[in-house]
Amino acid sequence: MSHEVEHNKYVIDEVWNMYGRKYESFGGWYLSGEISRATKGAIGTFHALGKQCKEVSGGLPTFISPWIDGKKAVSNAQNAVTADEHEREWDEIFDGIHDVVDACAFQDGHIDYDELDAFFAVNKRLADKYGMQCWTNAESFDRDMPIKFLPIKFDKLRMKLEAAMRAGYDKAITFEFSHFMSPQSAYLQAGHLFDRYKEYFNIR
């Protein structure tokens, strides 16, 4: 992953000079490299990028959004990562990056719904161990349909958000609002999903 560091160090400087110095709304950094497991070089890459982001911005927070290598992420479900394997690998990763990465928002769509509690508990336990915030990246598109991808049914999104609440997560973000939840989306279902979301959380 050394190429990631070489390419992104210029992007970090450019973004900070163009936006970070000028706008109070610039509140932190997303380290956009996505991994699921103990990828060779990942710890060094995230550490180098996180360190640079913090140094140029005076310590603004950073976060990552990896995925879980579950049944929906691999072609053969027998090769899916177990919760124990996930914990061992991410314990090592968090140990190597927690001083420069403040939050981790695991993507929630690659595991089955009956696995949410087990994996979410692991994520929260590891984040607490290393003093990191634990967020969820609630995918608002459906991985279970033959058409890739449609807005998710609200009951499925609700199950994922409720699992995150049970685990005591700090925050929820989504990928991806503009396509799958926005009333302005080309998908009619997206606006209805947003309506159900507002009803559930009593948002006007």
Same cluster (ILVMFWY, side-chain, under 4.5 Å), V11 and M18: yes
Expected output: side-chain E89 to main-chain R37 donor-acceptor under 3.5 Å: no
Spacing of K156 atom NZ and D144 atom CG [to the nearest 0.5 Å]: 3.5 Å
Nearest non-hydrogen partners of Q189 and L150, listed with the distance: NE2-CD2, 4.4 Å
Verify same cluster id: F120, I173 (apolar side-chain graph, 4.5 Å): no
Whether over 12 other heavy atoms sit under 6.0 Å from E34 CD: yes
Under 3.5 Å donor-acceptor, K160 side chain and G109 backbone: no
E85, CD atom: more than 12 neighbouring heavy atoms under 6.0 Å: yes
is_close_aromatic(H179, F141), centroid dist under 6.0 Å: no
OH (Y23) with more than 12 external heavy atoms under 6.0 Å: no
Distance (rounded to the nearest 0.5 Å) between I97 CD1 and K51 NZ: 15.5 Å
Derivation of the side chain to side chain contact (heavy atoms under 4.5 Å, CB included) call for Q107 and F175: CA-CA 8 Å; Q107 301 165 28; F175 186 86; over 6 Å; no
L157-I203 co-clustered via ILVMFWY side chain contacts under 4.5 Å: yes
Heavy-atom pair of closest approach, residues A105 and T136: CB-C, 4.3 Å
Distance, nearest 0.5 Å, that separates CD of E6 from CD of E4: 11.5 Å
F194 and F177 aromatic centres sub-6.0 Å: yes
Heavy-atom side-chain proximity of F180 to I152 below 4.5 angstrom: no
Side chain K148, main chain R143, donor-acceptor under 3.5 Å: yes
Residues which pass ring-ring contact (aromatic ring centres under 6.0 Å, His included) with F46, listed by chain and number, not counting sequence neighbours: none
Min side-chain heavy-atom separation D91-K129 under 4.5 Å: yes
OG1-NE2 distance between T45 and H3, expressed to the nearest 0.5 angstrom: 10.5 Å
Test item: W90 side-chain N/O and S36 main-chain N/O as donor-acceptor pair under 3.5 Å: yes
Non-neighbouring partners of N8 that pass side-chain hydrogen bond (donor to acceptor under 3.5 Å, both in side chains), sequence neighbours left out: none
Side chains of F106 and I111 in contact at under 4.5 Å (non-hydrogen atoms): no
Parallel, tilted or perpendicular: rings of W135 and F63 (30°, 60°): tilted
Closest approach of N137 to S65 (non-hydrogen atoms, all atoms of both residues): ND2-OG, 2.9 Å
L188 atom CG: more than 12 heavy-atom contacts under 6.0 Å: no
Salt bridge (charged side-chain N to carboxylate O under 4.0 Å, His left out) assessment of D102 paired with K54: CA-CA 10 Å; D102 299 285; K54 286 189 167 293; 2.8 Å; yes
Distance-only donor-acceptor check, side chains H47 and D99, under 3.5 Å: yes
Sequence-distant partners of D13, salt bridge (charged side-chain N to carboxylate O under 4.0 Å, His left out), two or more places apart: none
Straight-line distance of D195 CG to F154 CZ, nearest 0.5 Å: 11.0 Å
Heavy-atom closest contact (E139 atom, D108 atom, distance): N-OD1, 3.0 Å
Non-hydrogen atoms of S57 and C53 that approach each other most closely: OG-O, 2.6 Å
Distance-minimising heavy-atom pair for S185 and S178: CB-O, 3.5 Å
Cluster link Y169 to M132, ILVMFWY, side chain under 4.5 Å: yes
Whether T174 side chain and A138 backbone form a donor-acceptor pair below 3.5 Å: yes
Flag if over 12 foreign heavy atoms under 6.0 Å of NZ, K40: no
From CD1 (I93) to OG1 (T39), nearest 0.5 Å: 7.0 Å
Side-chain (E87) to main-chain (V122) donor-acceptor, under 3.5 angstrom: no
Main-chain N/O of G168 paired with K124 side-chain donor or acceptor, under 3.5 Å: yes
Whether W67 and H110 hold their rings parallel, tilted or perpendicular, with breakpoints at 30° and 60°: tilted
W29 side chain reached by Q52 side chain, heavy atoms, under 4.5 Å: no
Criterion side-chain contact (heavy atoms from CB on, under 4.5 Å) against D69, the qualifying member of V81, T82, N79: V81
Side-chain touch F149/Y187, heavy atoms, less than 4.5 angstrom: no
Heavy-atom side-chain contact between T62 and V100 under 4.5 Å: no
Aromatic plane relationship, Y130 with F94 - under 30° parallel, 30 to 60° tilted, over 60° perpendicular: perpendicular
Cluster check Y197, L116: I/L/V/M/F/W/Y, side chain < 4.5 angstrom: yes
